[in-house]
Number of protein chains: 2
Amino acid sequence: MTADREDARLIVSRHAAKLFLERGVAGTSGDDIAEAAGLSKRTVWRYFRSKEACVEPLFSASSLRFASVLREWPLQTSIEAYLHEAIRPLDQTPQEIADDVLAVRLVALLPAEPALRTAWLMSCHVGEEQLIDVVAQRSRRLPTDFDVRLCAAAVMAALRVVDEDVSTAAITESRKFELPDIIDQMAKAIRTASTLPICDPVGP
Amino acid sequence: MTADREDARLIVSRHAAKLFLERGVAGTSGDDIAEAAGLSKRTVWRYFRSKEACVEPLFSASSLRFASVLREWPLQTSIEAYLHEAIRPLDQTPQEIADDVLAVRLVALLPAEPALRTAWLMSCHVGEEQLIDVVAQRSRRLPTDFDVRLCAAAVMAALRVVDEDVSTAAITESRKFELPDIIDQMAKAIRTASTLPICDPVGP
DNA sequence: TCTATTCTGTCACTAAGTGACAAGAGGTCG
DNA sequence: CGACCTCTTGTCACTTAGTGACAGAATAGA
């Protein structure tokens with residue numbers, strides 16, 4: 001009851017991420033990951049379909065948190081106002097912060113580790129699916145609507161580019177970012193990329 | 001000189017695609033692909049980093065052709081006018097048509113074969129990189145510009161959604177499409193998703 | 001508490017993927 | 001033409017990613 005399957009996957013994900021960062025993807029075996037996580041190799045392969053997929057939960061974690069924030073987005077609020085109000089450093093647990101740092105370092109590693117990109121893109125895909133519902137609600141359409149899916153895809157793509165941009169700048173150029181600035185970037189990207197009028201207050 | 005490496009990869013890709021469609025991904029081994037392509041297993045693994053990646057060239061083929069069409073897009077022409085003028089059925093070789101059909105069938109298979117999605121997304125990623133140059137030229141900015149990359153990502157995401165939508169409709173619902181309609185959809189998607197003014201005639 | 005179910009580890013196995021090396025297919029220069 | 005160079009391929013042995021089958025531990029529910 002304490003740790004359900006998704007939690008367990010995330011825990012393994014953290015170990016895998018650290019190993020990938022330390023020794024590279026090719027330099028870490030499934031056994032290494034299993035050992036670090038205190039599991040049998042067999043269980044690791046039950047959790048993940050491939051070695052690279054071991055980091056997907058970590059990648060997805062922030063997307064999922066972001067999506068769950070957006071799910072609470074009141075119809076009457078603009079994206080800028082809402083994000084600044086809803087995302088505050090104090091709300092983040094140390095674990096979440098550590099996960100974000102790990103994810104950022106992994107994203108910065110993408111150019112050097114092409115194998116990780118599949119995991120990254122798959123995580124963005126699940127993020128996109130989460131966004132579909134948000135867009136559907138704010139545009140008062142169905143999640144199956146073509147324009148809704150297109151909007152969600154465009155928005156997710158924009159968020160991905162921001163993520164990659166910030167991550168590489170932070171790691172490879174050692175640039176420092178303040179949370180409000182990142183929120184501004186995210187909000188601006190969402191507003192720019194959204195193809196349906198979801199960013200400003202909608203209806204009653 | 002006749003068949004360079006990329007051509008060889010594409011040829012293998014066709015065999016892999018057919019096998020995946022016939023027997024499923026899990027049901028076809030690397031040996032099967034190698035045998036079908038008339039190559040040794042070793043060469044297949046020299047061409048591709050994984051079994052699923054064997055279909056990437058096929059996925060990328062249409063993106064690459066589309067991108068090369070867009071590369072010729074004159075600055076004074078709108079996206080709708082140009083696409084209708086530049087894409088004509090008669091220009092397509094039988095091989096290209098067959099490749100497109102294969103790609104469409106594979107895309108329609110994505111829900112049933114999650115393993116293929118990594119290959120699909122990676123191909124969309126290379127398509128995105130191609131688009132960056134097009135967007136850069138039409139917006140008179142550098143390919144490294146953040147807004148250029150964001151626009152390319154949004155446009156590619158839109159094209160991907162169109163592709164997935166058309167493919168599933170064509171295969172799973174047996175819907176028939178006429179080329180002009182698809183071009184309309186593509187153009188509309190590009191116009192909708194583009195975050196920079198690239199769709200209409202731009203300066204001299 | 002007994003039981004049904006779900007989860008995990010062990011172990012043997014298949015198949016994906018790599019390293020090392022030798023043989024062949026051009027290409028260039030004398 | 002032959003000698004040489006380079007690039008690609010196949011062979012084979014090998015490592016490791018990933019699966020199937022089963023038995024034991026854990027957990028939920030009555």
Taking atom SG of A/Cys54 and atom CZ of A/Arg49, what is their separation to the nearest 0.5 Å?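 Taking SG in A/Cys54 and CZ in A/Arg49, the distance rounds to 9.5 Å.
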Nearest 0.5 angstrom please: A/Thr28 OG1 to A/Glu35 CD, how far?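 One finds 11.5 Å between OG1 of A/Thr28 and CD of A/Glu35.
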If you fit an axis to the five pairs at each end of the helix from C/dT1-D/dA30 to C/dG30-D/dC1, how big is the angle between those two axes, to 10 degrees?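 Both end axes considered, the difference amounts to 30°.
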With sequence neighbours excluded, residues passing salt bridge (charged side-chain N to carboxylate O under 4.0 Å, His left out) with [X]:
{"X": "A/Arg138", "result": "none"}
{"X": "A/Arg42", "result": "none"}
{"X": "A/Glu85", "result": "none"}

Near DNA chain C, under 4.0 Å by heavy atom, which residues of residues 110-123 of chain B?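 Close to the strand, none.
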Just to be sure I understand the geometry, which residues of residues 16-40 of chain A put a non-hydrogen atom under 4.0 Å away from DNA chain D?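 Residues of residues 16-40 of chain A that come under 4.0 Å of DNA chain D are, in numerical order, A/Ser29, A/Gly30.
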According to a strict under-4.0 Å criterion, is B/Tyr47 in side-chain N/O contact with OP1 or OP2 of D/dT9?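 So the side chain of B/Tyr47 is within the cut-off, an N or O lying under 4.0 Å from OP1 or OP2 of D/dT9.
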Send over the distance from [X] [atom1] to [N] [atom2], rounded to a whole Å.
{"X": "B/Trp45", "N": "C/dG17", "atom1": "CH2", "atom2": "C1'", "answer": "7 Å"}
{"X": "B/Arg5", "N": "C/dG26", "atom1": "CZ", "atom2": "C1'", "answer": "17 Å"}
{"X": "B/Glu6", "N": "D/dC7", "atom1": "CD", "atom2": "C1'", "answer": "16 Å"}
{"X": "A/Arg49", "N": "D/dA17", "atom1": "CZ", "atom2": "P", "answer": "16 Å"}
{"X": "B/Asp4", "N": "D/dT6", "atom1": "CG", "atom2": "P", "answer": "21 Å"}
{"X": "A/Lys41", "N": "C/dT8", "atom1": "NZ", "atom2": "C1'", "answer": "15 Å"}

Beyond-backbone contact of A/Phe20 with A/Ile33, side-chain heavy atoms, under 4.5 angstrom: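 Side-chain contact under 4.5 Å: yes.
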Considering only NZ, NE, NH1 and NH2 on the basic side and carboxylate oxygens on the acidic side, decide whether B/Asp100 and B/Arg65 come within less than 4.0 Å.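 A salt bridge links B/Asp100 with B/Arg65.
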Using a 3.5 Å cut-off and no angle test, enumerate the donor-acceptor pairs between side-chain atoms of residues 104-114 of chain A and protein atoms at least two apart in sequence or in another chain.
residue, atom, partner, partner atom, Å
A/Glu113, OE2, A/Val25, N, 3.0

For B/Ser50 against B/Trp45, the heavy-atom pair lying closest together: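 Minimum heavy-atom separation between B/Ser50 and B/Trp45: C-CZ3, 3.7 Å.
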Suppose we screen for ring-ring contact (aromatic ring centres under 6.0 Å, His included). Which residues come up paired with B/Phe59, at least two apart in sequence or across chains?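 So B/Phe59 forms a ring-ring contact (aromatic ring centres under 6.0 Å, His included) with B/Trp120.
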Identify each atom pair where a protein N or O and an N or O of nucleotides 21-25 of chain D are less than 3.5 Å apart, giving names and distance.
none

For B/Ala36, side-chain contact (heavy atoms from CB on, under 4.5 Å) partners two or more places apart: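 Counting only residues at least two positions away or on another chain, B/Ala36 forms a side-chain contact (heavy atoms from CB on, under 4.5 Å) with B/His15, B/Leu19.
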Show every donor-acceptor pair shorter than 3.5 Å between a side-chain atom in residues 178-193 of chain B and any protein atom, with sequence neighbours excluded, or say none if there are none.
residue, atom, partner, partner atom, Å
B/Asp184, OD1, B/His84, NE2, 2.7
B/Arg191, NE, B/Glu80, OE2, 2.7
B/Arg191, NH1, B/Asp200, OD2, 3.1
B/Arg191, NH2, B/Glu80, OE1, 3.0
B/Arg191, NH2, B/Asp200, OD1, 2.9
B/Thr192, OG1, B/Lys188, O, 2.6

Sequence neighbours excluded, every pair satisfying ring-ring contact (aromatic ring centres under 6.0 Å, His included) that has a member inside residues 152-184 of chain A: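 As it turns out, there is no ring-ring contact (aromatic ring centres under 6.0 Å, His included) pair with a partner in residues 152-184 of chain A once direct neighbours are skipped.
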